[in-house]
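Down below is the structure, laid out as structure tokens.
Only this structure's heavy atoms are used, side chains among them; waters, hydrogens and symmetry mates stay out.
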Amino acid sequence: MCTGSCAKCLGGTLIPLSVFGLLANILLFFPGGKVIDNNDHLSDEVWYFGGILGSGVLMIFPALVFLGLKNNDCCGCCGNEGCGKRFAMFTSTIFAVIGVLGAGYSFIVSAVSINKGPKCFMSQNSTWGYPFQDGDYLGDSNLWSRCQKPSDVVPWNLTLFSILLIIGAVQIIICAIQVINGLLGTLCGDCQCCGCCGGDGPV
């Protein structure tokens, strides 16, 4: 079934994105590539686990469901195999919605953190806090000197949260495509083809 082929392609794309999201979030616990002495000095958004939970764990389940649809011949319901396949596509739609929520969570956390800037030891008052306001540091790298410790924490956090932001956006798009694909498979059965990954007709 062609909708199943499309879902398998989407699921295969989600797996590496989830792994990258997990790794990016883990690296955020080592600002500047160094082990920090006090975990309280980490940015609050790091502890929200956007990449680990949102783009990572919550995305694994939809990915596995999507991957299994291609070879899911379904035992059917009431002796109708087509009914079983439609139910499988409907189930994939539910998991796709879960994926959208997870990726959306990671996207929002990343956007908030990028706008807020990292938590660091501030040169102005020699305390730990957030020296930037409303993303002012994004357009002026001279402001980065406000952060004395950890070293290179500004580009470190900015890079990793930007990666998580992009991953979240791509995952939202992929899961949204599967929502549409799943609904087509549910309503129209095997006759529909989403045309992605080279699918030109029923498989």
Side-chain angles (χ1 to χ4, degrees), residues 1-31 36 39-40 42-72 74 84-119 135 156-187 192 194 196-197 199:
M1 75 194 219
C2 193
T3 47
S5 299
C6 182
K8 182 178 181 180
C9 176
L10 297 176
T13 306
L14 284 178
I15 294 294
L17 289 175
S18 299
V19 173
F20 287 134
L22 284 166
L23 292 176
N25 201 148
I26 291 173
L27 288 174
L28 284 168
F29 284 95
F30 305 94
I36 198 166
N39 288 335
D40 291 337
L42 289 171
S43 300
D44 293 340
E45 290 74 22
V46 175
W47 295 103
Y48 295 163
F49 301 112
I52 294 176
L53 293 178
S55 289
V57 175
L58 282 179
M59 206 57 59
I60 293 297
F61 298 108
L64 293 178
V65 171
F66 300 168
L67 287 172
L69 285 176
K70 168 66 177 177
N71 299 319
N72 186 354
C74 301
K85 289 183 177 180
R86 288 169 189 256
F87 179 76
M89 293 303 296
F90 176 73
T91 302
S92 76
T93 302
I94 296 176
F95 277 94
V97 172
I98 294 175
V100 170
L101 294 177
Y105 172 73
S106 178
F107 182 89
I108 293 173
V109 169
S110 301
V112 170
S113 182
I114 291 173
N115 182 67
K116 187 178 180 181
K119 189 176 187 178
W156 183 268
N157 273 36
L158 179 59
T159 299
L160 291 174
F161 273 116
S162 294
I163 291 174
L164 286 175
L165 186 77
I166 295 172
I167 289 175
V170 173
Q171 288 175 329
I172 289 173
I173 294 172
I174 290 175
C175 290
I177 291 174
Q178 179 53 30
V179 169
I180 299 173
N181 182 48
L183 290 176
L184 287 174
T186 301
L187 298 175
Q192 293 298 315
C194 64
C196 66
C197 304

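- Note that OG of Ser162 and CD1 of Ile167 are 11.0 Å apart. Values are rounded to the nearest 0.5 Å.
- Counting non-hydrogen atoms of neighbouring residues, nucleotides and ligands closer than 6.0 angstrom, the CZ atom of Phe20 reaches no more than 12 such neighbours.
- Heavy atoms only, all atoms of each residue included: Ala7 and Asn181 are closest at N-ND2, 3.7 Å.
- In this structure, the separation between CD1 on Ile94 and CE on Met89 is 12.5 Å, given to the nearest 0.5 Å.
- In this structure, Phe161 and Val46 have side chains that are in contact, with non-hydrogen atoms separated by less than 4.5 Å.
- Here the closest heavy-atom approach between residue Thr186 and residue Arg86 is recorded as O-NH1, 3.1 Å.
- One distance of note links CD1 of Ile172 with OG of Ser55; it measures 8.0 Å at 0.5 Å rounding.
- Of all non-hydrogen atoms in Ser92 and Gly182, the two that sit nearest each other are OG-CA, 4.1 Å.
- Under the 3.5 Å distance criterion, the side-chain polar atoms of Ser113 are left unmatched by any main-chain donor or acceptor of Val109.
- Asn25 places a side-chain N or O within 3.5 Å of a backbone atom of Gly50 that can act as its donor or acceptor partner.
- With hydrogens and angles disregarded, no donor-acceptor distance shorter than 3.5 Å links the side chain of Ser106 to the backbone of Gly102.
- Ile36 places a side-chain heavy atom less than 4.5 Å from the side chain of Leu42.
- Using a 4.5 Å heavy-atom threshold, the side chains of Leu64 and Phe95 count as separate.
- Here the side chain of Tyr48 pairs no donor or acceptor atom with the backbone of Tyr105 at under 3.5 angstrom.
- Minimum interatomic distance between Ile15 and Ala63 (heavy atoms only, all atoms of both residues): CD1-CB, 3.6 Å.
- Between Leu14 and Cys175 the shortest side-chain heavy-atom distance falls below 4.5 Å.
- Here the CD1-CG distance, from Ile163 to Leu158, works out to 10.0 Å after rounding to the nearest 0.5 Å.
- In this structure, the separation between CD1 on Ile173 and CG on Leu10 is 11.5 Å, given to the nearest 0.5 Å.
- Looking at Glu45 and Val112, their side chains come closer than 4.5 Å, going by heavy atoms from C-beta outward.
- Heavy-atom minimum distance, Ser43 versus Lys119: OG-N, 2.9 Å.
- With rounding to the nearest 0.5 Å, the separation of OG1 in Thr159 from CD1 in Ile114 is 9.5 Å.
- Minimum interatomic distance between Leu28 and Trp156 (heavy atoms only, all atoms of both residues): CA-NE1, 4.2 Å.
- Relative ring orientation between Phe90 and Phe87 is described as tilted, the plane-to-plane angle lying within the 30° to 60° band.
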